[in-house]
Amino acid sequence: MSLEEISRNALRIYIKLVESEKPLGVRELARELNLPVSTVHYSLRRLEEMDLVKRSGDGYVAKKIIAPEGFLVIRRKLVPRLLIYSAFFIGVLISESILIAATGHNPDRVVVIITSLAASAILLIEGLYIRKRYS
């Protein structure tokens with residue numbers, strides 16, 4: 001069974017546990033994710049069966065850190081890949097802007113700036129939407 005086979009709520013719970021620095025209880029997870037306690041309890045049982053989380057004395061913790069499809073793990077934070085791609089295009093935008101300031105503009109550089117600006121904005125918005133959807 002993979003992360004893609006679990007419910008959206010179970011995935012939200014798993015992500016919360018991965019990013020948490022301390023064990024979280026069922027009621028705390030339910031409150032933070034605005035979910036019914038019964039849903040959290042059921043999802044935690046499923047995640048335990050998958051050997052992804054374990055119960056500790058103070059609550060539940062992530063046992064394994066597996067990045068869901070479309071995410072990267074960076075220091076116990078799950079970051080949508082689209083945000084990384086957006087950062088790349090922002091870098092292209094900045095470097096082209098510096099080149100234009102230093103050497104003057106030409107049509108090719110203007111096209112690169114417009115394309116980079118559009119790509120970075122679209123990827124940033126979509127990446128933030130995905131992040132919000134699972135938090």
Residues passing the salt bridge (charged side-chain N to carboxylate O under 4.0 Å, His left out) test with Lys63, sequence neighbours excluded, are Asp51

Working to the nearest 0.5 angstrom, can you tell me the gap between [X] [atom1] and [Y] [atom2]?
X	Y	atom1	atom2	result
Ile100	Asn106	CD1	CG	7.0 Å
Leu52	Leu47	CG	CG	6.0 Å
Arg109	Ile114	CZ	CD1	14.5 Å
Ile94	Ile90	CD1	CD1	7.0 Å

Scanning both residues in full, the closest heavy-atom pair of Ile66 with Tyr14 reads N-OH, 2.8 Å

Residues pairing under salt bridge (charged side-chain N to carboxylate O under 4.0 Å, His left out) where one sits in residues 21-30, two or more places apart or in two chains, turn out to be Lys22-Glu28

What side-chain donor-acceptor pairs closer than 3.5 Å can you find for residues 117-124, not counting sequence neighbours?
{"from": "Ser120", "atom 1": "OG", "to": "Ser116", "atom 2": "O", "distance (Å)": "3.0"}
{"from": "Ser120", "atom 1": "OG", "to": "Leu117", "atom 2": "O", "distance (Å)": "3.1"}

For residues Arg12 and Tyr134, is any side-chain donor paired with an opposing acceptor at under 3.5 Å? no

Residues two or more places apart in sequence or in another chain: which of them pass side-chain hydrogen bond (donor to acceptor under 3.5 Å, both in side chains) with Glu48? none

Listed pairs under 3.5 Å, donor-acceptor, residues 32-44 side chains, sequence neighbours left out:
{"from": "Glu32", "atom 1": "OE1", "to": "Lys16", "atom 2": "NZ", "distance (Å)": "2.9"}
{"from": "Ser43", "atom 1": "OG", "to": "Thr39", "atom 2": "O", "distance (Å)": "2.9"}

Under 3.5 Å, side-chain donor or acceptor atoms of residues 68-80 against the rest of the protein: list the pairs with distances, not counting sequence neighbours.
{"from": "Arg76", "atom 1": "NE", "to": "Val18", "atom 2": "O", "distance (Å)": "3.0"}
{"from": "Arg76", "atom 1": "NH2", "to": "Val18", "atom 2": "O", "distance (Å)": "2.7"}
{"from": "Arg76", "atom 1": "NH2", "to": "Ser20", "atom 2": "O", "distance (Å)": "3.4"}

